[in-house]
Novice: 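Let me begin by handing over the structure; questions about it come next.
Residue indices begin at 1 and follow the sequence shown. Predicted model only: the values in this text are computed from it and were never measured.
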Amino acid sequence: CVGVKRAYVEASVYEDFVAGIMQSIAGLRVSTDPAADLCPVSFTRTAELQAQIEDALDRGATLHSPRDCSSFLGSEPMLLTGVPPESRILTEECFGPVLCVMPFNDEEEAVALANASDYGLSASVWTRDIGRALRVARAVKSGVVSVNSSHSVHLEAPFGGYKKSGVGRELGFKALEGYSEVKNVFVAEK
């Protein structure tokens, strides 16, 4: 559920980013073998994922994959570019090895794009500018934001989402509130 589904990339490095990701996923192996990089998408999720991908393609998105995926959309790692904002793959939760990559021109646009989703479980911000990283982290409506890392689950820190993502918080001291009842007893002196 915290796997990266959308990548908003600064326009000046967008093409290089897409090429780099394509090079990275070309070597990934999908198999039920425990040594594989990815396991196949569960049968119950495949049809939904395929429908989301096909919706994006019907709306004008472009599919990028190092292998022919036409007969098994959703099983192989792939990228979608040019994904219109109203596409199901951006407006619904997506579970599968698909990354939607979209360019942005400035910080304000990147935050607006990130916040356009009804979900907000996990996000990451990648930049060398720590001031920008903290501004964007505060502005993005997500329960967890990692800076220069995609690891968002830490046992010692609260974990949970905003908007339609999750209910409450897990992990860390904040999670104990779900198992506690608070009582206030006031004793007046006489």
Novice: Got a sec, which residues hit side chain to side chain donor-acceptor pair (under 3.5 Å) with E10, two or more places apart in sequence or on another chain?
Specialist: none
Novice: For R128, look at atom CZ and say whether over 12 heavy atoms of other residues, nucleotides or ligands are found less than 6.0 Å away.
Specialist: no
Novice: Working to the nearest 0.5 angstrom, can you tell me the gap between D58 CG and R88 CZ?
Specialist: 11.0 Å
Novice: Is the number of heavy atoms from other residues, nucleotides or ligands within 6.0 Å of CD (E108) greater than 12?
Specialist: no
Novice: Is it possible for you to say whether V111 and L134 belong to one hydrophobic cluster, with membership spreading through side-chain heavy-atom contacts below 4.5 Å?
Specialist: no
Novice: Taking the side chain as C-beta and beyond, is there a heavy-atom pair between R6 and C94 under 4.5 Å?
Specialist: no
Novice: Supply the atom-to-atom distance T81 OG1 to L99 CG, rounded to the nearest 0.5 angstrom.
Specialist: 10.5 Å
Novice: Roughly how far, to the nearest 0.5 Å, is the CG atom of L80 from the OG1 atom of T62?
Specialist: 8.5 Å
Novice: So, do T91 and D118 sit near enough that their side-chain heavy atoms are less than 4.5 Å apart?
Specialist: no
Novice: Ignoring hydrogens, what is the shortest heavy-atom contact between G27 and D37? Give both atom names and the distance.
Specialist: O-OD2, 3.7 Å
Novice: Membership question, hydrophobic clusters at under 4.5 Å side-chain separation (ILVMFWY): are I21 and V13 in the same one?
Specialist: yes
Novice: Distance check, rounded to the nearest 0.5 Å: E76 atom CD versus L63 atom CG?
Specialist: 11.0 Å
Novice: Which heavy atom in L90 sits nearest to a heavy atom in M102, and how many Å separate them?
Specialist: CD2-CE, 3.9 Å
Novice: May I ask you to test the P97-L38 pair for a side-chain heavy-atom distance under 4.5 Å?
Specialist: yes
Novice: Of all the heavy-atom pairs spanning V101 and Y14, show the shortest one and how long it is.
Specialist: O-OH, 3.2 Å
Novice: What is the minimum heavy-atom distance between S65 and P77, and which atoms define it?
Specialist: OG-O, 3.6 Å
Novice: With distance as the sole test, does S149 use its side chain to make a donor-acceptor pair with the main-chain N or O of S146 at under 3.5 Å?
Specialist: no
Novice: Does a side-chain heavy-atom distance below 4.5 Å link D55 with L57?
Specialist: no
Novice: Output the distance between atom CG (D16) and atom CD (Q23), rounded to the nearest 0.5 Å.
Specialist: 11.5 Å
Novice: For the hydrophobic clusters of this structure (ILVMFWY residues joined by side-chain heavy atoms under 4.5 Å, transitively), does one cluster hold both V140 and V147?
Specialist: no
Novice: For V125 versus A133, what's the shortest heavy-atom pair and its separation?
Specialist: CG1-CA, 4.0 Å
Novice: Between the side chain of S87 and the main-chain N/O of V83, is any donor-acceptor distance below 3.5 Å?
Specialist: no
Novice: With Q52, which of E54, E48, Q50 fulfils side chain to side chain contact (heavy atoms under 4.5 Å, CB included)?
Specialist: E48
Novice: In Å, rounded to the nearest 0.5 Å, how long is the span from CD1 of I53 to CE of M78?
Specialist: 4.5 Å
Novice: Would you check if the side chain of S142 reaches a backbone N or O of S122 as a donor-acceptor pair within less than 3.5 Å?
Specialist: yes
Novice: Which heavy atom of S150 sits nearest a heavy atom of W126, and at what distance?
Specialist: N-CZ2, 3.7 Å
Novice: Do N115 side-chain atoms and A139 backbone N/O form a donor-acceptor pair below 3.5 Å?
Specialist: yes
Novice: Who pairs with L113 by side chain to side chain contact (heavy atoms under 4.5 Å, CB included), at least two apart in sequence or on another chain?
Specialist: Y8, F104, E109
